> 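Take this structure first; my questions come after.
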Amino acid sequence: MPSLRVSEWRKLPLSLTELCIDTTLRCGQSFRWKKTDDEWHMVLHGRLLSLKQDDTYLHYKATWPSKTSPGSEKPSVPVKEESPPPLDSLADDTEDLIRHYFSLKHDAGALYEQWSQNDANFRRKAPRFTGIRILSQDAWEALIGFICSSNNNISRISQMVHKLCLHYGPSVARIGGGSADDGELLHDFPDAAALAGAGVEAHLRQLGFGYRARYIAETARIVAQDKPPEWLETLTNPESPGWGAAERYGTKLDRVSYREAHDELLTLSGVGPKVADCVCLMGLGWGEAVPVDTHVWQIAQRDYKLGGKVKSKTFSKAMYDTVGDHFRGIWGSQAGWAQSVLFTANLKSFSDRSAVKPEVEGIKIEVEEKLVLEEAKPKTKRKRAVLTETVKLEEVSVKIEDNDTKRRRTRSSTRK
DNA sequence: CAAATGCCTTAGGG
DNA sequence: ACCCTAAGGCATT
């Protein structure tokens with residue numbers, strides 16, 4: 001019988017305000033966590049990590065794979081050869097991993113407070129969404145995960161990432177089930193070489209990846225074959241090194257800036273500004289990266305009156321930068337984190353929380369609701385309704401906006 | 001540089 | 001049942 005090396009449950013004192021895994025693990029950062037009952041599971045750095053949380057503690061447990069394959073029916077992919085430490089030091093290692101993964105070096109309470117002081121909208125939205133943190137994920141996994149995310153929704157992205165692990169990643173351990181052969185066998189995320197082989201694109205298309213299949217295959221090939229070894233890791237923020245980076249690189253990493261890292265990522269296939277910023281923020285430790293997707297763009301227009309003069313629905317690279325710069329100006333060096341809080345508050349899957357009537361209603365909210373009511377009559381043509389809404393919002397926001405917009409335009413044009 | 005269009009698939013609303 | 005469209009964009013023209 002294969003001996004799985006299982007550590008006992010350990011616990012870390014942590015309030016739900018500092019970290020809420022139930023929100024953080026579901027808000028579109030990582031697509032790989034599985035929830036069973038009250039426990040969360042994911043394979044991370046060669047081990048199965050299990051988490052559960054109460055008011056005062058984060059409980060965690062690590063399960064290491066045995067040397068032989070943990071899967072009895074499918075020895076498809078060999079177990080990753082990440083050397084398990086001796087059992088007595090196992091706990092320390094995993095606690096360190098958790099502290100790093102959840103970026104616990106930052107004080108969430110203090111940062112929420114700072115953002116609330118500088119931003120009335122954040123102050124209004126954030127109280128229902130405390131405990132959200134930016135995950136310090138593996139850069140490669142983040143890259144592929146967010147390539148999958150284009151034109152896509154969270155549940156389908158999760159399915160796709162799961163398929164990548166199942167077909168190309170090393171199996172590690174099982175969750176659920178009573179005996180060793182029961183339950184679901186979880187796999188780690190495949191490395192670039194595993195996705196760079198011939199026939200990967202066709203296979204991924206068959207698995208339902210659509211046009212993203214080519215992006216993944218090409219990017220894997222570029223990273224595994226064209227770029228120098230550890231190229232992706234060298235784009236990491238020196239202030240926030242990856243887990244275990246100290247042992248591997250010491251301090252001899254080239255100094256890169258956020259902009260340089262962002263530009264480098266754009267050389268990959270299927271990676272535009274938004275995906276690049278997702279990787280910068282969640283995989284490379286650049287806290288100032290603000291990924292602007294359709295949701296954040298909606299938030300920027302609705303709550304911050306940005307882009308009022310834009311006539312069309314498409315939005316340019318210049319506008320992308322403007323939105324990011326605006327939020328960096330308000331929120332500072334961890335702007336991407338603050339963005340993630342508002343993004344989550346805007347997600348439909350969390351709408352039960354945001355639907356509750358806020359205690360204080362400002363003038364701004366009343367105005368918006370009035371507009372929505374005026375909007376509600378014509379159902380004949382959708383496009384027309386959307387257009388009307390945009391125009392009306394413009395009318396309201398013109399005065400507030402004009403100065404701001406002019407200033408931003410000037411700045412962004414002088415930068416080039 | 002702004003704007004328009006094709007790209008794959010699926011879940012969910014009408 | 002069946003259409004239609006939105007869904008956390010990117011590449012190309």
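Since this is a predicted model, take the numbers as computed values, not measurements.
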> What's the closest nucleotide to the side chain of Y211(A) if the choices are dG9(C), dT9(B), dA2(B)?
dG9(C)
> When you compare the side chains of N121(A) and R302(A), does any donor N or O come within less than 3.5 Å of an acceptor on the partner?
no
> Any side-chain donor paired with an acceptor under 3.5 Å for R32(A) and S158(A)?
no
> Tell me the interatomic distance from I216(A), atom CD1, to dT9(B), atom C1', rounded to whole angstroms.
13 Å
> Honestly, is K52(A) close enough over W9(A), meaning NZ or CZ under 6.0 Å from the six-membered ring centre and within 45° of the axis?
yes
> I want to check one thing: is the phosphate of dA6(C), taken as OP1 and OP2, less than 4.0 Å away from some side-chain N or O of T294(A)?
no
> Looking only at the side chain of Q159(A) (C-beta and beyond, no hydrogens), which of the listed nucleotides dC8(B), dA2(B), dA11(B) gets closest?
dA11(B)
> Tell which nucleotide pairs with dT12(C), taking only Watson-Crick or G-U wobble pairs whose two distances are both under 3.5 angstrom.
dA4(B)
> Using heavy atoms to find the nearest nucleotide of DNA chain C for V271(A) and M282(A) separately, return the residue whose nucleotide is more 5′.
M282(A)
> Of all the choices, dA2(B), dT10(B), dG9(C), which nucleotide is nearest to the side chain of R156(A) once you look at every atom?
dT10(B)
> What is the separation between atom CG on N152(A) and atom P on dA11(B), rounded to the nearest whole Å?
11 Å
> Which pair of heavy atoms, one from L19(A) and one from Q53(A), lies closest together, and at what distance?
O-NE2, 2.6 Å
> Tell me: CZ of F31(A) to P of dA7(C), nearest whole Å?
16 Å
> Send over the distance from Q206(A) CD to dT9(B) C1', rounded to a whole Å.
15 Å
> Can you tell me the distance, in whole Å, between the NZ atom of K317(A) and the C1' atom of dT13(C)?
19 Å
> Assign I154(A) to base, sugar-phosphate, or nothing according to its heavy-atom contacts below 4.0 angstrom with the strands shown.
base
> Between dA7(C), dC10(C), dA2(B), which nucleotide has the shortest distance from any of its atoms to the side chain of N151(A)?
dA7(C)
> With no hydrogens and no angle check, do the side chains of D277(A) and Y258(A) hold a donor and an acceptor under 3.5 Å apart?
yes
> For the side chain of K274(A), starting at C-beta, report the closest nucleotide among dA2(B), dC8(B), dC10(C).
dC10(C)
> Taking the P atom of each, how far is dT5(B) from dT5(C), in whole Å?
15 Å
> Look at the side chain of R212(A) against the base of dC8(B) and say whether a donor-acceptor pair falls under 3.5 Å; ignore hydrogens and angles.
yes
> How would you label the contact of C27(A) with the nucleic acid (heavy atoms, under 4.0 Å): base, sugar-phosphate, or nothing?
base
> For the pair made of CD1 in I147(A) and P in dC8(B), what is the distance, rounded to whole Å?
15 Å
> Specify the separation, in whole Å, of atom NE2 of H295(A) and atom C1' of dA7(C).
8 Å
> Across the strands shown, which category fits L268(A) at heavy-atom distances under 4.0 angstrom: base, sugar-phosphate, nothing?
sugar-phosphate
> Do T130(A) and T17(A) have a side chain donor and acceptor closer than 3.5 Å?
no
> Please confirm whether the shortest side-chain N or O distance from R205(A) to OP1 or OP2 of dC8(B) is below 4.0 Å.
yes
> When the distance from CD1 of I157(A) to P of dT9(B) is rounded to whole Å, what number comes out?
17 Å
